[in-house]
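Please read the structure below before turning to the comments.
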Protein chains: 2
Amino acid sequence: MVKPITLNEQLCFAIYKAQKQYNHFYAQALAPFKLTYPQYITLLSLYEHGTMSVKQVGQTLELDSGTLTPLMKRLEKDGWISRKRSSEDERRVDVSLTQKALDARDEIFEHVGSCMELMNLPQSEYDRIKSEVTRVDEHLSAIADDAYPQV
Amino acid sequence: MVKPITLNEQLCFAIYKAQKQYNHFYAQALAPFKLTYPQYITLLSLYEHGTMSVKQVGQTLELDSGTLTPLMKRLEKDGWISRKRSSEDERRVDVSLTQKALDARDEIFEHVGSCMELMNLPQSEYDRIKSEVTRVDEHLSAIADDAYPQV
DNA sequence: GTCCGTTTCATTGTACACGATTATCTTGAG
DNA sequence: CTCAAGATAATCGTGTACAATGAAACGGAC
């Protein structure tokens, strides 16, 4: 008799559901700016690091160009970023924030910050959970693809 | 001066990344069975609760029919489940496991279990993190949609 | 029994996520 | 200078997510 695997005992399912709740949270919090969560973290990375290539943005977000290219085309269409091929290395596409994005920064940060207060989670607990979830992430990414048992 | 929001200080980003790592983990672990993670948790729910309507499956997974219908069509095509409209209430579609799915249960559970051991996370820690992530989920879902500040 | 609101599922459209392939450019070897 | 190798983006195909809409069936009020 093999021990049953039940949904609510699974850490993966807890994380899966929390991530969906966060999506809903940011859908609400970002609605005034017509931004999705992946678009928001793309802007966050650009606010933090300044102009970067698509490759570099992908490294900060752990996303590849297949995901980022269409996402960034939408950000460009909506006037948040501009993309132009680097003159030094024409393989690169440099992504930079527009004036609109720079002007909106404080308003976005303040609004998102006030939404986060609704969560009502003390900073100490927030930080502890963050570091523990990060540990889970690290444990998972430490597994080499060829370590998985064969059938 | 508004306090900057940086990616790596965000709990949402930690959860977002952990969820992606889990996707990768299950992509590897479930590859022998040609199942995706959402398909796997659908089967988990059916192993746990037996035959259910689409609606009931959706309640256990917190997914709607727009997500489940195409997912289940693939599960049906691959021979894991069968779907048939209920004769008692013809609005309902009852989803049940095929003999193939019942026969494969132990093998799937054992294989996934041995993959989880690669994660190398003590049970006590696993459980604590799960309950803390669940608390985050609950704090987020407690926020009413009309509580978000206006702009 | 008819009407009307609700429930249930399916469909459509938008938006990621990611593997695989392709196109283009840069660079270095000869 | 030319060409092959490698890097970088873009493109394509599949699979979720989810909101909004539609259609069919149910159930209660009258």
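Bear in mind that the values here come from a model prediction, so they are computed numbers and not experimental data. Order of the sequence lines fixes the chain letters, A, B, ..., with proteins taken first and strands second; residue numbering starts at 1 for each chain.
Under 3.5 Å, the side chain of B/S65 and the base of C/dA10 form at least one donor-acceptor pair of N or O atoms.
Atom-to-atom, CE of B/M72 to P of D/dG15 comes out at 16 Å; the value is rounded to the nearest Å. The nearest whole Å value for the distance from the CG atom in B/D89 to the P atom in D/dA24 is 16 Å. Rounded to whole angstrom, the span from the NZ atom of A/K17 across to the P atom of D/dC18 amounts to 13 Å. When rounded to the nearest whole Å, the span between CG of B/D94 and C1' of C/dT7 equals 15 Å. As rounded to whole Å, 6 Å separates atom C1' of D/dA25 from atom CZ of B/R91. The nearest whole Å value for the distance from the CZ atom in B/R83 to the C1' atom in C/dC9 is 10 Å. With rounding to whole Å, A/K55 atom NZ is found 13 Å from D/dA10 atom P. Taking atom CD of B/Q28 as the reference point, atom C1' of C/dG19 lies 12 Å away to the nearest angstrom.
The aromatic rings of A/Y37 and A/Y26 sit tilted, their planes meeting at an angle between 30° and 60°.
B/T98 and B/S82 form no side-chain donor-acceptor contact under 3.5 Å, judged by distance and modelled atom types alone. Side chains of B/S141 and B/E138: a donor-acceptor N/O pair is absent below 3.5 angstrom, by distance only.
Nearest nucleotide to the side chain of A/R85, out of C/dT26, D/dA10, D/dA25: D/dA10. Checking D/dT11, C/dT6, D/dA9 against the side-chain heavy atoms of A/K73 singles out D/dT11 as nearest.
In summary, A/D103 and A/R105 do not engage in a salt bridge, as defined by a charged side-chain N under 4.0 Å from a carboxylate O. Between B/R85 and B/E90 no salt bridge is recorded (no basic side-chain N to carboxylate O distance below 4.0 Å). Between B/R135 and A/E125, at least one side-chain N (NZ, or NE/NH1/NH2) sits under 4.0 Å from a carboxylate O, which counts as a salt bridge.
Among the candidates A/Y40, A/W80, A/F109, the single residue satisfying the ring-ring contact (aromatic ring centres under 6.0 Å, His included) test with A/Y47 is A/F109.
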Handout entry: Heavy-atom protein contacts under 4.0 Å, nucleotides 13-18 of chain C, coded B base, S sugar-phosphate only, - none
Key = --SSBB
